[in-house]
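To start, the structure under review is shown below, and the notes come after it.
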Amino acid sequence: MNLFAEIRALVVTALHDLETEGHLPEGLDTAHVAVEPPRDPLHGDMATNAAMVLAKPAKMKPRDIAQALAPKLTADPRVDAAEVAGPGFLNLRLNPKVWADVARAALAQGTDFGRSSMGAGQRVNVEYVSANPTGPLHVGHTRGAVFGDALASLLAYAGFDVTREYYINDGGGQVDVLARSVYLRYLEAHGQEVAFVDGTYPGDYLVPVGEALKTKVGGAYLNAPESVWLQDIREFATAAMMDLIRSDLLALGVKMDVFYSEKSLYGSGRIEAAIDDLRSKNLIYRGTLEPPKGKVPEDWEPREQTLFRSTDYGDDVDRPIQKSDGAWTYFAPDIAYHYDKVSRGYDALIDVFGADHGGYVKRMKAAVAALSENRTPLDVKLTQLVKLYKNGEPFKMSKRAGTFVTLRDVIDQVGPDVTRFVMLMRKNDAPLDFDFDKVVAGGRDNPVWYVQYAHTRCLSALRNAEKAGIPTNGTDFLIEDPAEERLVQKIAEWPRLVEIAARTNEPHRVAFYLYELASDLATLYTLATQDRHDLRFVQEDKTRSAAKLPLARATQVVISAGLSILGVTPAEEM
RNA sequence: GGUCCCGUAGCUCAACUGGAUAGAGCACCUGACUUCUAAUCAGGGGGUUGGGGGUUCGAGUCCUCCCGGGAUCGCCA
């Protein structure tokens with residue numbers, strides 16, 4: 001139940017009445033009419049811009065429209081007052097009962113309060129992580145994993161039918177490198193001295209893989225040429241790496257619905273089919289690309305390649321899909337993969353990439369637009385870098401120096417809940433500072449702690465009440481103080497916030513909302529503790545207490561629902 | 001050089017996609033608090049939203065040109 005949407009519907013109906021009665025011209029477009037909370041709460045509970053939006057098309061003064069609209073709205077029992085203000089805002093003051101009624105739904109519906117039908121069951125595919133299967137996940141992947149997962153949960157909560165998907169890049173040359181690295185570890189397991197050269201991966205995590213390979217094949221690959229073992233070790237190593245990644249994800253609480261293998265596309269004819277689809281639309285041709293403007297690479301020479309005419313769909317240059325030796329570029333199987341997603345019938349696609357893939361966005365969008373004939377929208381969310389700090393000092397990651405911070409390192413130190421919440425306190429496209437010491441500290445400036453603490457306070461009040469034999473299952477609020485009013489309104493805003501966050505694909509809004517909700521609870525809590533014992537959730541007068549407890553429960557329920565979307569376990573005790 | 005992202009209080013960041021006087025936390029100043037689970041709560045000071053121009057009733061938000069930071073730029077994936 002989104003009260004703002006309901007009042008907006010009321011406004012639109014009133015506008016149509018005005019049209020019918022001849023006070024407004026017929027057929028006005030009400031799409032831009034909004035009903036929002038005013039910036040200053042003194043202005044009222046809600047404000048609508050209807051008069052200003054319609055002034056021009058109606059050829060009327062905004063204040064005149066607002067004047068005509070006001071009585072229509074106050075005729076509704078939910079609206080106590082409607083005042084024209086400023087350039088033509090209409091400020092609405094609602095009957096206090098209305099807010100309480102909305103918040104009361106939290107008592108009846110529990111954590112389903114706020115669940116929306118906005119998505120109407122539309123099928124959305126969210127692709128995230130998709131890290132190369134060559135090693136454990138690191139902090140950069142962690143952010144993408146947390147963001148993608150929270151976004152998926154948010155969309156599901158908002159009524160979409162969501163698929164969480166991971167694209168395994170197991171088709172390219174980096175898997176050969178992985179196989180050779182594992183072969184070295186395999187030799188090592190047989191007691192040989194080895195050197196990690198030619199860019200092979202020196203990480204310790206391949207030691208057990210080499211040993212496992214020894215257990216499996218014994219000495220069969222010793223002194224054998226690459227042609228004998230490469231294929232087999234590729235598969236063996238990829239499987240081992242995916243096991244590693246899956247367990248990393250599980251430690252973070254991420255469960256994928258689909259793992260889609262790039263390699264499975266090769267030799268299946270599906271790459272060719274996707275390219276043929278583009279070719280039939282006259283978007284594939286042989287040609288030579290211009291050299292990049294400005295700095296031209298030293299070894300640049302004109303080269304004829306097979307190109308995708310992505311410029312027809314807003315890209316800056318056409319993109320190669322085949323190398324000069326005829327092999328596919330990375331882009332080709334990715335086109336086929338997205339072709340597959342389109343043909344699986346999704347209503348919308350979302351890709352979550354790291355910031356280093358920024359240059360890849362336009363061509364991917366072009367491909368999806370072409371393949372789906374503009375029917376399937378693709379939104380690409382880029383997650384920016386994570387900067388790590390310890391004791392306020394930044395520390396650099398380097399694969400070569402071995403100071404390579406993995407997802408495991410982070411989780412082992414601060415736990416999955418803290419990791420997730422902190423990474424969701426930022427917009428995806430803003431860089432993120434992650435300080436190992438700050439995120440586990442207590443206090444107001446640590447949002448994770450602060451929100452969790454608010455949750456435990458509510459639960460604790462409810463527990464104490466149970467012990468004292470006070471009923472905690474009341475279904476109405478006793479609202480007497482502005483601090484309580486604010487909290488109730490905040491709770492009532494939850495369903496609207498879910499819809500905004502889902503519409504913009506921005507889960508960080510949920511985190512910020514929870515922080516504000518926690519703050520409103522803390523205000524009331526301190527007030528009741530210090531001056532107004534009659535406002536306490538648990539107090540001497542059991543009848544009053546029973547009337548105050550529902551507010552604690554509603555707050556707890558909303559925090560719990562919000563944290564669950566973010567993938568954070570609501571704390572029972574701290 | 002092209003493209004994309006970012007630039008908001010001393011610091012870290014919001015701002016409901018074009019709404020009213022740009023908001024929080026930290027830090028600073030003043031006050032409350034032996035607590036329903038402590039690390040809090042109330043109030044105050046602090047701003048030319050990087051800069052110029054434009055669009056309109058109205059711009060941090062959209063357009064344009066600069067400045068600064070980051071990412072990326074044909075046989076890596």
Could you measure between the two P atoms, the one in B:rC16 and the one in B:rU55, and give it in whole Å?
25 Å
Residues two or more places apart in sequence or in another chain: which of them pass side-chain contact (heavy atoms from CB on, under 4.5 Å) with A:Asn169?
A:Asn132, A:Pro133, A:Tyr167, A:Gln174, A:Glu262, A:Tyr330
Among residues at least two apart in sequence or on other chains, which ones pass salt bridge (charged side-chain N to carboxylate O under 4.0 Å, His left out) with A:Arg234?
A:Asp176
Using nucleotides 54-61 of chain B, report all nitrogen or oxygen pairs with the protein that are shorter than 3.5 Å.
none

Within residues 504-517 of chain A, those residues having any heavy atom closer than 4.0 Å to RNA chain B are A:Thr504, A:Glu506, A:His508, A:Arg509, A:Phe512, A:Tyr515
For B:rA59 versus B:rU12, give the span between their P atoms, rounded off to a whole number of Å.
28 Å
Residues that A:Leu378 engages under side-chain contact (heavy atoms from CB on, under 4.5 Å), provided they are two or more places apart
A:Leu349, A:Asp351, A:Met364, A:Lys365, A:Val368, A:Val380
Distance check needed: B:rC13 C1' versus A:Arg426 CZ, whole Å only.
5 Å
If you measure from the C1' atom in B:rG23 to the same atom in B:rG31, how many Å do you get, rounded?
23 Å
Would you classify A:Met425 as touching base, sugar-phosphate or nothing, given that sugar-phosphate means primed atoms plus P, OP1 and OP2, and contacts are heavy atoms under 4.0 Å?
nothing
Please enumerate all residues that pass salt bridge (charged side-chain N to carboxylate O under 4.0 Å, His left out) together with A:Arg143, with sequence neighbours excluded.
none
Applying salt bridge (charged side-chain N to carboxylate O under 4.0 Å, His left out), which residue pairs with at least one partner in residues 520-534 of chain A are found, sequence neighbours left out?
A:Asp481-A:Arg532, A:Arg486-A:Asp520, A:Arg532-A:Asp534, A:Asp534-A:Arg544
Name all residues meeting the side-chain contact (heavy atoms from CB on, under 4.5 Å) criterion together with A:Ser261; count only those two or more places apart in sequence or in a different chain, and write none if there are none.
A:Asp170, A:Lys263, A:Ser264
Please list, chain by chain and in numerical order, all residues satisfying side chain to side chain donor-acceptor pair (under 3.5 Å) with A:Glu466, sequence neighbours excluded.
A:Thr472
Measure CG/A:Leu432 against P/B:rC13 and give the value in whole Å, please.
8 Å
If you measure from the C1' atom in B:rU40 to the same atom in B:rU8, how many Å do you get, rounded?
29 Å
Each nucleotide of nucleotides 72-77 of chain B classed B (base within 4.0 Å of a protein heavy atom), S (only sugar-phosphate) or -, in 5' to 3' order, makes S-BB-B
Identify, residue by residue, the members of residues 436-445 of chain A with a heavy atom below 4.0 Å from RNA chain B, and return them in order of residue number, or none.
A:Gly443, A:Arg444, A:Asp445
Across all chains, not counting sequence neighbours, the side-chain contact (heavy atoms from CB on, under 4.5 Å) partners of A:Pro482 are none
